[in-house]
Amino acid sequence: MRLFIFILLLFSSYSVSSMNVGYFKDSIYQVVPGKQYKNGWLFNNNDNKKPIHIVTLDWPPYIGSQLCNKGWVFQFTVALLVEQGYSVYIEFLPWARAVRAAELGKADILMPEYYIEDSAPSDTVEGKTRRELLALSNPFPGGEIGFLKRKGDPDRFNGNLLSLKGQKIGVVRGYQNTPEFDAMMDNNEFTIIEAVDDLQLVKLLVGKRVDLIIGDPKVLKFTVSYSELSRPEKATLLRNIERETHSLQYNNLYFALSKKSGNWRELLGNINKSLYQFNNSGETDRIVDMGITECY
């Protein structure tokens with residue numbers, strides 16, 4: 001059965017204009033056909049329902065427009081929502097644009113998002129917090145977050161963020177990191193240099209524009225390998241970065257729903273229902289494991 005599923009998914013990944021998402025329900029494998037639509041992908045639109053508009057980013061190995069089957073978070077998201085009867089449209093955007101679209105109500109869901117503190121200010125709507133504009137789902141699996149430094153540099157982070165006061169740190173514009181780091185950043189306790197994406201963040205570090213960069217080390221390294229840079233350029237970046245000894249924390253992922261969407265409360269309830277069902281049945285773990293073992 002797994003071999004059949006693998007062949008089915010592998011075949012779909014080579015199609016230019018269509019692809020399938022699959023998941024198990026009551027031991028029966030469900031296949032959801034999708035097609036290219038506008039700037040992204042549309043699933044479960046047989047009844048011409050107005051789709052749930054989801055904005056996301058290229059964030060390998062979790063999700064990416066050029067990844068095998070678009071990454072496990074893409075597959076997981078489609079499965080969760082289709083299981084609740086929704087039509088789904090997923091659009092890939094630069095992260096800052098995706099955040100803006102959700103906070104202004106131009107998209108229904110932003111994903112994948114880290115936990116957003118109640119006090120986190122919006123960069124889109126002056127005088128508003130992000131949680132006034134977005135509602136978070138229950139969590140689903142994520143990854144570690146920490147600091148990367150230039151290879152051979154001494155550690156700057158001793159496990160306490162106070163050890164980094166005054167340091168020049170690179171962040172991706174619009175990303176949440178950890179509540180403590182974000183609060184200190186908002187309080188100007190670090191010198192912050194913003195990048196538009198993870199690849200530019202790594203370039204800032206290797207180019208000595210910053211002392212450290214913060215993020216998911218797996219994402220940062222995979223982004224370099226996944227990029228359109230030449231092999232020598234990739235090799236130069238990868239051999240010149242390494243993790244700090246101490247990590248910050250494990251970050252779960254969330255769906256962030258726009259409160260400007262008229263049905264956001266109902267949608268939130270249905271997403272949380274699917275998250276519970278998939279976790280309880282083991283389907284969440286299966287989708288994560290399949291994404292890792294069969295695509296990477």
- Any side-chain heavy atom of Gln66 sitting closer than 4.5 Å to one from Asp58? no
- Query: For the residue pair Trp72 and Phe140, does the interplanar ring angle fall in the parallel (under 30°), tilted (30 to 60°) or perpendicular (over 60°) class?
  - Reply: perpendicular
- Item | Short side-chain to backbone donor-acceptor contact, Tyr250 and Gly142, under 3.5 Å | yes
- Query: For the side chain of Asp26 and the backbone of Ile28, is there at least one donor-acceptor N/O pair under 3.5 Å apart?
  - Reply: no
- Message: Any side-chain to backbone donor/acceptor pair from Ser258 onto Ala102? Under 3.5 Å, distance only.
- Response: yes
- Could you tell me whether a side-chain N or O of Asn280 sits under 3.5 Å from a main-chain N or O of Tyr276, the two making a donor and an acceptor? no
- Message: Within the 3.5 Å criterion, strictly below it, is a donor on Asp198 or Tyr175 matched to an acceptor on the partner's side chain?
- Response: yes
- Does NZ in Lys234 sit with more than 12 non-hydrogen atoms of other residues, nucleotides or ligands closer than 6.0 Å? yes
- Taking the side chain from Ser163 and the backbone from Phe157, do they hold a donor-acceptor pair closer than 3.5 Å? no
- Query: Is the number of heavy atoms from other residues, nucleotides or ligands under 6.0 Å of Arg156 CZ greater than 12?
  - Reply: yes
- Mind checking whether Tyr226 and Phe222 have parallel, tilted or perpendicular rings, split at 30° and 60°? tilted
- Query: Are Glu91 and Lys106 within salt-bridge range, i.e. N to O under 4.0 Å?
  - Reply: no
- Item | Test item: side-chain donor near acceptor, Ser274 and Glu83, under 3.5 Å | no
- Is a side-chain donor or acceptor of Lys259 paired with a backbone partner of Arg131 at a separation under 3.5 angstrom? yes
- Task: Answer yes or no: is there a side-chain heavy-atom contact under 4.5 Å between Gln84 and Ile52?
- Result: no
- Item | Minimum side-chain heavy-atom gap Phe43-Met19 below 4.5 Å | yes
- Got a second to check how far Leu57's CG is from Glu113's CD, nearest 0.5 Å? 10.0 Å
- Contact check, side chains of Phe181 and Ile145, non-hydrogen atoms, under 4.5 Å: no
- Does Asn251 use its side chain to pair, donor to acceptor, with the backbone of Asn177 at less than 3.5 Å? yes
- Item | Distance-only polar pair, side chains of Gln176 and Asp182, donor-acceptor under 3.5 Å | yes
- Anything under 30° is parallel, anything over 60° is perpendicular, the rest tilted; go ahead and classify Tyr89 against Tyr37. perpendicular
